[in-house]
Amino acid sequence: MTKTTIAFFGTMPYDKATFNEVNEEYGFDIKYYTGNLSHDNISLTRGADAVCVFVNDDLNAEIIAELKANGVKMIALRCAGYNNVDLPAAKAAGITVARVPAYSPHAVAEYAVALMLSLNRKIQRASWRTRDGNFSLNGLMGFDMYGKTLGVIGTGKIAKVLIGILRGFGMKVLAYDLYPDHAFAEANQVRYVSLDELYAGSDIISLHCPLTPETEYIINRESIAKMKKGVMIINTGRGRLINSEDLIEGLKNKQVGFAGLDVYEEEEPYFYKDKSDKIIDDDTLARLLSFNNVIMTSHQAFFTREATSNIAHTTFGNIRDFVLGHELPNAVTE
């Protein structure tokens with residue numbers, strides 16, 4: 001039987017190491033390419049049965065049409081999000097799309113807590129100071145997490161792990177979800193409320209909802225105005241859940257006291273790349289990076305050994321099931 005060929009785009013050294021290790025179980029023929037999939041390199045997909053891409057690959061209608069012309073039958077997303085794929089175009093082209101719906105909720109939830117603690121206790125600033133020989137505590141005062149209120153928007157797997165951790169800190173929890181899990185809420189002393197109640201009552205707000213037309217820019221000028229003054233906002237989900245210009249305004253007028261951002265709405269040109277010798281010409285990104293009460297990281301909340309291994313296993317499992325004609329539970333449709 002001919003080996004299934006996979007064209008793997010946006011390859012980082014850690015991707016190649018993990019996927020090669022897991023591929024010992026599957027035996028696929030993988031062609032690794034460092035560039036993101038684009039019109040310039042799409043010729044590399046000729047002869048491939050599947051392409052494997054990540055969140056920062058733009059699979060628009062034109063790209064998908066070219067994939068079809070090159071004989072590609074499957075788009076294997078090695079991520080949970082799929083808003084970068086033109087699903088109607090894929091359906092029209094007869095190309096199957098599958099994703100990795102969950103890889104390690106613990107990885108992302110624990111990272112969200114790390115952002116909260118680092119911002120609250122100003123660990124980043126304190127570390128810079130002490131390295132420079134400044135052992136003063138001025139400006140480093142934080143607050144007890146105990147007794148404070150966490151507001152969680154979206155209560156899927158990641159949020160539930162986060163709630164468990166922060167309930168252990170002695171925090172109260174307000175939650176909003178279109179499809180509330182009342183049994184979980186009762187067992188974990190979580191109170192489902194309206195968005196307005198969550199905004200008004202939360203000391204820390206953490207975003208864990210999918211990006212949809214309804215949730216795009218859910219954090220904006222109007223919603224920020226309803227929040228407690230000095231609120232902490234954490235986003236380890238999708239960049240476009242937050243209107244960055246409105247967040248900057250909230251930071252400037254002190255309505256927002258802290259922001260922990262592992263994602264950014266226009267992250268594709270920057271994240272996962274070394275731009276240290278370049279000028280950041282995105283004025284909004286540069287402005288966010290200038291605040292000493294903002295921590296921005298490069299979409300790394302998922303990045304643990306356990307999570308990357310789970311991603312590889314699920315991605316290859318999706319491809320194997322597709323090739324064998326098995327049911328594809330992780331398929332993405334309109």
Report summary line: Heavy-atom closest pair (Gly10 atom, Asn36 atom, distance to 0.1 Å) is CA-ND2, 3.9 Å
Report task. Over all heavy atoms of both residues, which pair between Val263 and Gly237 is shortest? Give the atoms and the distance, please. Result -> CG1-O, 3.5 Å
Query raised in the report: Are any non-hydrogen side-chain atoms of Lys148 and Met145 less than 4.5 angstrom apart?
Result: no
Query raised in the report: Just by modelled atom types, is the Tyr264 backbone N or O under 3.5 Å from a matching donor or acceptor in the Tyr270 side chain?
Result: no
Requested in this report: Say whether, by atom type as modelled, one donor and one acceptor occur between the side chain of Lys122 and the main chain of Met141 under 3.5 angstrom.
Outcome: yes
Requested in this report: May I ask you to decide whether Glu266 forms a salt bridge with Arg240, counting only side-chain N to carboxylate O separations under 4.0 Å?
Outcome: yes
Query - Donor on one side chain, acceptor on other, Asn20 and Tyr32, under 3.5 Å - result: yes
Query raised in the report: Is there side-chain contact between Arg221 and Asn243, with at least one heavy-atom pair below 4.5 Å?
Result: no
**Report entry** Shortest non-hydrogen separation from Met296 to Phe271 and the atoms involved
**Finding:** CE-CZ, 4.3 Å
Query raised in the report: Would you call Glu197 and Arg191 a side-chain contact if the rule is heavy atoms closer than 4.5 Å?
Result: yes
Query raised in the report: Within a strict 4.5 Å, meaning less than it, do heavy atoms of the Phe258 and Ile295 side chains meet?
Result: no
Report task. May I ask you to check if Lys160 and Phe184 form a cation-pi contact, with NZ or CZ under 6.0 angstrom from the six-membered ring centre and within 45° of the axis? Result -> yes
Query raised in the report: Looking at the rings of Phe19 and Phe316, which for Trp means the six-membered one, are their centres under 6.0 Å apart?
Result: yes
Query raised in the report: Under 3.5 Å, is there a donor-acceptor pair linking the side chains of Ser194 and Asp196?
Result: no
Query raised in the report: Do Arg287 and Ser290 meet the criterion of a side-chain donor-acceptor pair at a distance under 3.5 Å?
Result: yes
Requested in this report: Kindly work out whether a path of hydrophobic side-chain contacts (I/L/V/M/F/W/Y, heavy atoms less than 4.5 Å apart) joins Phe291 to Met232.
Outcome: no
